[in-house]
There are 2 protein chains.
Amino acid sequence: MARLVAERSDAIAPLAEVFREYGYEGASLALISKATGLGKGSLYHFFPNGKEEMVQAVLADIHQWFENSIYSPLRDGDDADEAINLMLEETLAYFKSGRRVCLVGSLAVGNTRDRFSEAIRGYFVNWIEALKAALVRQGRDPALAHSLSENAVLSIQGAIVLSRAMDDPNMFQRAIDQLRSNLAA
Amino acid sequence: MARLVAERSDAIAPLAEVFREYGYEGASLALISKATGLGKGSLYHFFPNGKEEMVQAVLADIHQWFENSIYSPLRDGDDADEAINLMLEETLAYFKSGRRVCLVGSLAVGNTRDRFSEAIRGYFVNWIEALKAALVRQGRDPALAHSLSENAVLSIQGAIVLSRAMDDPNMFQRAIDQLRSNLAA
DNA sequence: AGAGCATTGTACCGATAGGTACATTCAATA
DNA sequence: TATTGAATGTACCTATCGGTACAATGCTCT
């Protein structure tokens, strides 16, 4: 298993971090090279289409993580309430109490939105639909469940912006706590 | 009044639009020059410190607009409910139902946060404090008013992200409608 | 050992980045 | 009308941008 040469998958995590930290434009190949430990040769070997392909790979990886850790339990877990609490815990940890930016959100706000619109849209649609499914399993009216779900995802994004702006991780924590009580059966 | 030469203040609005659309890194001097109609000579004459000073000028202008149009009525208007509704109307129009990004929010999420942290923080603190004042004048408990206010500003930011991500202005509209009922006396 | 392909580092490309220098033009005042 | 300082356009600077070319290396399999 251990190889001296790099694997493409090893680059994904550092790539994600670099795009989160510097944005699409700000993440230069020099920064990317330093963060991944890969020279341009390797980078263009693994990602022939350059930065755009790197971001797409990162987005696919993010989707997979959310699918396994959050969407799937929300949709199929036997205890809806438990799945919702798990989602909130995972979200809190994933975004490091708001210190870590949501890459999808920042791409949506930036001028790169159109280039990745499908993945961006899918990320939020999946999240909202999965949470809605759990809320419906709690016995709620589907229309209310949809509205609650939309609102929860929206609050998480807003909380990231605000907690970063105020440099106050507690604000993110508070938002999660509030969701916990709003979404409890 | 009419001058053939440009005034610094004439550049602020196009500057704001260009930074909103392309972000701090993405807004090149070439784009800025085209958007403002000013050559590099004029730009560096008006803003000797370059892009950073341009953004600071835009942020100051944004602050002034919010102060006059939103914060001041919230703090000092004789009818708190009316001021809150005015805020929601102005916010809806200002962000063009979510089609227009919040520059402050996008700076907060980007890697430029530290450079403008004071203005970014002030923007949100002012908004939250002003809205809280109106809610207290409605007769609400100060602690609840603070929490409600924080939540409202957070929702607006989240709504911008989501409505852009989903390319759905109705989502922004829905968020505003919901705030209208949440914040009514 | 040696063939063959995946992987890598380096040198290089044209384009553009932000920023400076400066001579010129303009409009208001005296 | 002459002077002055604000305003402007152009040419230019170096650094870096994303991307390409390619020869050298590593690994795997026979």
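Residue numbering restarts at 1 for every chain, and letters A, B, ... go by the order of the sequence lines. Computation of the quantities below employed the complete heavy-atom set of this structure, encompassing side-chain atoms and omitting hydrogens, waters and symmetry-equivalent molecules.
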Result block: side-chain N/O donor-acceptor pairs under 3.5 angstrom for residues 175-185 of chain A, not counting sequence neighbours:
residue	atom	partner	partner atom	Å
A:Asp177	OD1	A:Gln173	NE2	3.4
A:Asp177	OD1	A:Arg180	NH2	3.0
A:Gln178	OE1	B:Asn151	ND2	3.0
A:Arg180	NH1	A:Glu89	OE2	2.9
A:Ser181	OG	A:Gln178	O	3.0

(message) With salt bridge (Lys or Arg N to Asp or Glu O under 4.0 Å) as the criterion, how do A:Glu25 and A:Lys51 come out once you've worked through the C-alpha distance, each side chain's angles and the decisive distance to 0.1 Å?
(response) CA-CA 9 Å; A:Glu25 322 260 5; A:Lys51 284 170 71 172; 6.0 Å; no
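- Below 30°, between 30° and 60°, or above 60°: for A:Phe95 and A:Trp127 the angle between ring planes is below 30°, a parallel geometry.
- Nearest nucleotide to the side chain of A:His45, out of D:dA7, C:dA6, C:dG9: C:dA6.
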(request) Assign a letter to each nucleotide of nucleotides 11-20 of chain C from its 5' end: B, base within under 4.0 Å of a protein heavy atom; S, sugar-phosphate only; -, no contact. (result) ------SBBB
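- Between the CD atom in B:Glu52 and the CZ atom in B:Arg115 there is a gap of 5.0 Å [rounded to 0.5 Å].
- Between A:Tyr71 and A:His63, the ring planes are tilted. Angles from 30° to 60° get that label.
- For residues 118-133 of chain B, the set of pairs meeting the salt bridge (charged side-chain N to carboxylate O under 4.0 Å, His left out) definition, not counting sequence neighbours, is empty.
- Partners of B:Glu90 under the salt bridge (charged side-chain N to carboxylate O under 4.0 Å, His left out) rule, at least two apart in sequence or in another chain, do not exist in this structure.
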Filtered N/O pairs between nucleotides 3-5 of chain C and protein, under 3.5 Å:
none

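- Here D:dC17 presents its C1' atom at 15 Å from CG of A:Leu43, a figure rounded to the nearest Å.
- Applying the ring-ring contact (aromatic ring centres under 6.0 Å, His included) criterion to A:Tyr24, with sequence neighbours excluded, gives A:Phe116.
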